[in-house]
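One is the number of the first residue; the rest follow in order along the sequence. Not measured: the values here are computed from a predicted model.
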Amino acid sequence: MDMNLSKYFAFVTTVEYGSFTKAADVLNYSQSAVSRMINDLETEWNTTVLERGKTGVKLTSDGLTLLPYAKSLCAEYRRLQLQVDELSGLKTGLIRIGTFSSVATHWLPNIIKAFQKDYPNIDYELLLGDYTEIETWILEGRVDCGFLRLPASPALETFFLETDRLLAVLPENHRLAGSEAVPLSELCKEPFMLLEKGAKAEVSEIFEKSGLTPNVHFTTWDDYAIMSMIESGLGLAILPELILKRVPYRIVAKELDVPAYRSIGLAVRDKKSASIAVKKFMEYLSYR
């Protein structure tokens with residue numbers, strides 16, 4: 001406890017028990033320590049708060065005036081400590097998470113379900129965005145942590161979770177549906193659905209590295225909108241394998257002739273300064 005707070009507790013407890021000796025026993029200090037702390041308070045406040053006598057102590061008029069404020073301060077500290085203890089036991093708390101749709105759909109339900117078994121009173125706030133938005137939210141403190149493609153901003157502390165394949169996605173009846181691997185050049189011959197928003201994402205980078213330019217007809221950050229359009233025969237796409245699990249669309253996913261991946265991780269501004277709830281949440285990421 002801060003030394004100044006100890007002085008206030010010494011003052012309040014001495015008044016409550018009427019003697020330095022009894023206050024010392026309650027506070028687990030020596031009698032001389034309690035007496036010294038109250039002397040220090042009187043010096044700081046430039047007044048006398050207690051009258052000392054053979055039968056104990058009693059408040060002066062100034063002490064009577066100041067006592068309610070000291071009591072209030074001690075009570076607020078006890079409430080603060082109770083809240084800290086509750087957070088330490090994760091009886092209450094809020095975790096704000098930045099995420100993109102595939103993680104929100106396929107990982108977070110499993111992680112949160114396992115976490116809630118042990119900490120049922122934690123609340124969650126999920127913000128869906130693209131990689132750039134999520135980075136910004138973490139840096140600005142809008143969210144406590146976020147799932148990102150790695151590498152991320154060097155200003156963030158990141159933790160690698162998994163490598164996710166990027167696959168060619170076609171209608172079920174497409175001429176390439178029976179291929180073992182789809183040539184990247186073939187995807188440039190038909191209308192292409194680009195999964196991107198704002199800054200360039202991994203799909204554009206795949207084509208750039210191969211010196212190819214897709215015939216982009218539609219751009220969005222909505223994975224499901226793209227899958228629906230592919231099912232309708234409006235074009236082709238490259239999508240992460242994670243989002244392709246348990247989809248209701250009549251589409252097929254095939255490997256590319258140039259294997260492509262994205263690395264997914266969790267990011268925080270600084271794990272050391274993260275809340276207890278966030279640190280505990282990170283221990284449950286393996287349940288994804």
Exercise. Which residue pairs satisfy the ring pair (Phe, Tyr, Trp, His ring centres under 6.0 Å) criterion with at least one member in residues 260-288, sequence neighbours excluded?
Worked result: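 Found Phe115-Phe281, Phe115-Tyr284, Tyr284-Tyr287.
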Exercise. Which ring pair (Phe, Tyr, Trp, His ring centres under 6.0 Å) pairs, counting each pair once, include a residue from residues 140-172, with sequence neighbours left out?
Worked result: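 Checked against ring pair (Phe, Tyr, Trp, His ring centres under 6.0 Å) - neighbours excluded - no pair reaches residues 140-172.
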Residue pair [X] / [Y], side-chain heavy-atom distance below 4.5 Å:
X      : Y      : answer
His174 : Glu190 : yes
Tyr77  : Tyr8   : no
Leu108 : Thr99  : yes
Asp257 : Val182 : no
His106 : Arg246 : yes
Ile138 : Leu156 : yes
Tyr249 : Met229 : no
Leu239 : Met227 : yes

Considering all heavy atoms of both residues, which atom of [X] and which atom of [Y] are nearest to each other, and what is their separation?
X      : Y      : result
Ala277 : Ile122 : CB-CD1, 4.4 Å
Gly233 : Pro171 : CA-CG, 4.2 Å
Ile238 : Leu195 : O-CB, 4.5 Å
Ile134 : Gly129 : CD1-O, 3.7 Å
Leu148 : Ala267 : CD1-CB, 3.6 Å
Leu187 : Ala168 : CD1-CB, 4.3 Å

Give, for atom [atom1] of [X] and atom [atom2] of [Y], the distance between the pair rounded to the nearest 0.5 Å.
X      : Y      : atom1 : atom2 : value
Trp107 : Leu266 : CH2   : CG    : 9.5 Å
Ser286 : Ile111 : OG    : CD1   : 8.5 Å
Phe100 : Asp223 : CZ    : CG    : 9.5 Å
Met282 : Lys279 : CE    : NZ    : 10.0 Å
Glu202 : Lys209 : CD    : NZ    : 10.0 Å
His217 : Leu234 : NE2   : CG    : 10.5 Å

For this session: Could you walk me through whether Asp144 and Val278 pass the side chain to side chain contact (heavy atoms under 4.5 Å, CB included) test, one step at a time?
Result: CA-CA 7 Å; Asp144 302 304; Val278 170; 3.5 Å; yes
For this session: Assess whether side-chain hydrogen bond (donor to acceptor under 3.5 Å, both in side chains) is satisfied between Glu135 and Ser153, documenting all intermediate values.
Result: CA-CA 7 Å; Glu135 280 195 13; Ser153 166; 4.5 Å; no
If only atom types and distance count, is the side chain of [X] paired as donor or acceptor with the main-chain N or O of [Y] below 3.5 Å?
X      : Y      : answer
Glu42  : Val49  : yes
Glu133 : Asp130 : yes
Thr220 : Asp222 : yes
Ser72  : Pro68  : no
Thr105 : Ser102 : no
Thr13  : Ala10  : no
Lys254 : Ala177 : yes
Thr48  : Leu50  : no

Problem set entry | Audit row: Ile276, Leu90, side chain to side chain contact (heavy atoms under 4.5 Å, CB included) steps and yes/no | CA-CA 8 Å; Ile276 296 167; Leu90 289 191; 3.9 Å; yes
Could you state whether [X] and [Y] fall into the same hydrophobic cluster, counting links through intermediate Ile, Leu, Val, Met, Phe, Trp or Tyr residues with side-chain heavy atoms under 4.5 angstrom apart?
X      : Y      : value
Val57  : Leu66  : yes
Ile206 : Leu244 : no
Val268 : Leu139 : yes
Leu126 : Leu161 : yes
Trp221 : Val203 : no

For this session: Please determine, by modelled atom types, if Glu196 and Thr219 share a side-chain donor-acceptor pair under 3.5 angstrom.
Result: no
For this session: Please determine, by modelled atom types, if Ser32 and Ser30 share a side-chain donor-acceptor pair under 3.5 angstrom.
Result: yes
Exercise. How far apart are the C-alpha atoms of Phe192 and Phe207, what are their side-chain angles, what is the distance that settles it, and do they pass the ring-ring contact (aromatic ring centres under 6.0 Å, His included) test?
Worked result: CA-CA 12 Å; Phe192 191 81; Phe207 286 105; 5.2 Å; yes
Looking at [Y] and [X], is any side-chain nitrogen of the basic one under 4.0 Å from a carboxylate oxygen of the acidic one?
X      : Y      : value
Arg96  : Glu140 : no
Glu44  : Lys7   : yes
Arg142 : Glu125 : yes
Arg175 : Glu186 : yes
Glu231 : Arg250 : yes

Exercise. Can you check side chain to side chain contact (heavy atoms under 4.5 Å, CB included) on Phe9 and Leu73, steps first, answer last?
Worked result: CA-CA 9 Å; Phe9 274 95; Leu73 186 61; over 6 Å; no
Problem set entry | Selection residues 154-171 - residue pairs positive for salt bridge (Lys or Arg N to Asp or Glu O under 4.0 Å), sequence neighbours left out |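 Only Glu162-Arg288, Asp164-Arg262, Arg165-Glu241, Arg165-Glu255 qualify under salt bridge (Lys or Arg N to Asp or Glu O under 4.0 Å).
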For this session: Kindly determine whether Met37 and Ser6 satisfy side chain to side chain contact (heavy atoms under 4.5 Å, CB included), including the steps that lead there.
Result: CA-CA 8 Å; Met37 284 189 280; Ser6 298; 3.8 Å; yes
